[in-house]
Amino acid sequence: MTAEPDRETSSGDGSETAEVLEEAADSTGLDVLARSGFAVLALLHILIGAIAAGIAFGGYGQAETSGAIGPLARSEPFGPLLMWAGCISCAALALWQLAEATVRVRRAPLKKRLAKGVSSGSLVLIYGSVAATFAAFAAGRGRDSGDSTADFSAAVIDSPAGSPALGVVGALVLGIGGYFVFKGCARRFRPELRYFAHTRRGHLLNALGVAGHVGKGIALVLVGMLFIAAAINHRAEESTGLDGSLQALLDYSFGAPLILAIAAGLICYGIFALARARWGRM
């Protein structure tokens, strides 16, 4: 006789817990921190784009997250403070995306919940890894992102799942890159910046959004292709992230112009993301 009320209480508690979590996820504090995390990522895209442009002109640099963060970490006396600030803001952005994939869509149809789980879940991993990179540099343990990617690939290949699992990772990254290209070409990003709709500034941001999403998408496609190549050849050292992809392009006659185009796209995406961090819909 008491089982039914117990189930109702349990169900109610679960619903109340979800409500509390959703309310916390919608708090002003998390929104501010998440926006600051998006701004940090925007600046990283601009820095990586600038490094990539230098590589296209024969310069030296690491066009990857660690290559952009490293010089900031070594700046005195604010390096450690900048690293922890970047870590906290990117971690908050990852937490915000986790809420997007869970409590915010719990009443949505199953298809939307699954799609949001994949898209926002992937971003949780990406933003979380950037937060971890900031934390590593803050603790004095920062290392080359290309080496970290190769080590990750080696761990996956040596796991029971082996090379097929690394191929799946590559296909996922390649798919995300393809989606960014589609999103840019189809201008699916426009709802994110309705604040500037039908204004001159809005037209400029649309152009930046197209170029930025396409450039970022191509960069991700290149990274995904390296993962897949490493899986096919069973050589983890071939998976070296974006910097390795760009360095490989230099062996081709079209390499430098393509690198320059990707660099311009990353810078455009960074500027677009800065505007979104301030005025856009999160």
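As a basis for the values below, the full set of heavy atoms in this structure was taken, side chains included, without hydrogen atoms, waters or symmetry mates.
- The hydrophobic clustering, which links ILVMFWY residues whose side-chain heavy atoms are closer than 4.5 Å, places Val169 and Ile157 together.
- To the nearest 0.5 angstrom, Ile55 atom CD1 is 5.0 Å from Asp243 atom CG.
- Note that Arg276 lies in the cation-pi zone of Phe38, set by a 6.0 Å cut-off to the ring centre and a 45° limit from the axis.
- Between Leu98 and Val103 there is no side-chain heavy-atom pair separated by less than 4.5 Å.
- Under a hydrophobic clustering in which Ile, Leu, Val, Met, Phe, Trp and Tyr are joined whenever their side-chain heavy atoms come within less than 4.5 Å, directly or via other members, Leu242 and Tyr179 fall into different clusters.
- Note that NZ of Lys216 is 8.0 Å distant from CD1 of Ile48, once rounded to the nearest 0.5 Å.
- Between Phe272 and His213, the distance separating the two ring centers is shorter than 6.0 angstrom.
- Atom-to-atom distance recorded for Tyr269:OH and Leu44:CG is 12.0 Å, nearest 0.5 angstrom.
- Panel note: side chain His234, backbone Ala230; no donor-acceptor pair is recorded below 3.5 Å.
- In the hydrophobic clustering of this structure, Leu93 does not group with Val105; members are Ile, Leu, Val, Met, Phe, Trp, Tyr whose side-chain heavy atoms approach within less than 4.5 Å, directly or through other members.
- The shortest non-hydrogen separation linking Phe227 to Gly170 is CB-CA, 3.4 Å.
- Under the 4.5 Å side-chain heavy-atom criterion for grouping Ile, Leu, Val, Met, Phe, Trp and Tyr, Leu172 is connected to Ile218 within one hydrophobic cluster.
- Atom CZ of Arg106 has more than 12 heavy atoms from other residues, nucleotides or ligands within 6.0 Å.
- Within the 3.5 Å criterion, the main-chain N or O of Gln97 finds no donor-acceptor partner in the side chain of Arg104.
- Across all their heavy atoms, Ala92 and Leu33 have their closest contact at CB-CB, 3.5 Å.
- Judged by distance alone, with hydrogens and angles left aside, the side-chain atoms of Asn233 form a donor-acceptor pair with the main-chain N or O of Ala229 at under 3.5 Å.
- Hydrophobic clustering (side-chain heavy atoms under 4.5 Å, transitive across Ile, Leu, Val, Met, Phe, Trp, Tyr) groups Val210 together with Leu204.
- Between Phe254 and Tyr252, the ring planes lie parallel to each other; the angle is under 30°, not in the 30° to 60° tilted range.
- A cation-pi arrangement, defined by a distance under 6.0 Å to the six-membered ring centre and an angle within 45 degrees of its axis, is absent between Arg35 and Trp279.
- Leu260 approaches Ala56 most closely through the heavy-atom pair N-CB, 3.9 Å.
- When every heavy atom of Ser66 is checked against every heavy atom of Pro71, the shortest pair comes out as O-CD, 4.5 Å.
- Both the sub-6.0 Å distance and the 45° axial angle are not jointly satisfied by Lys183 relative to the ring of Phe189.
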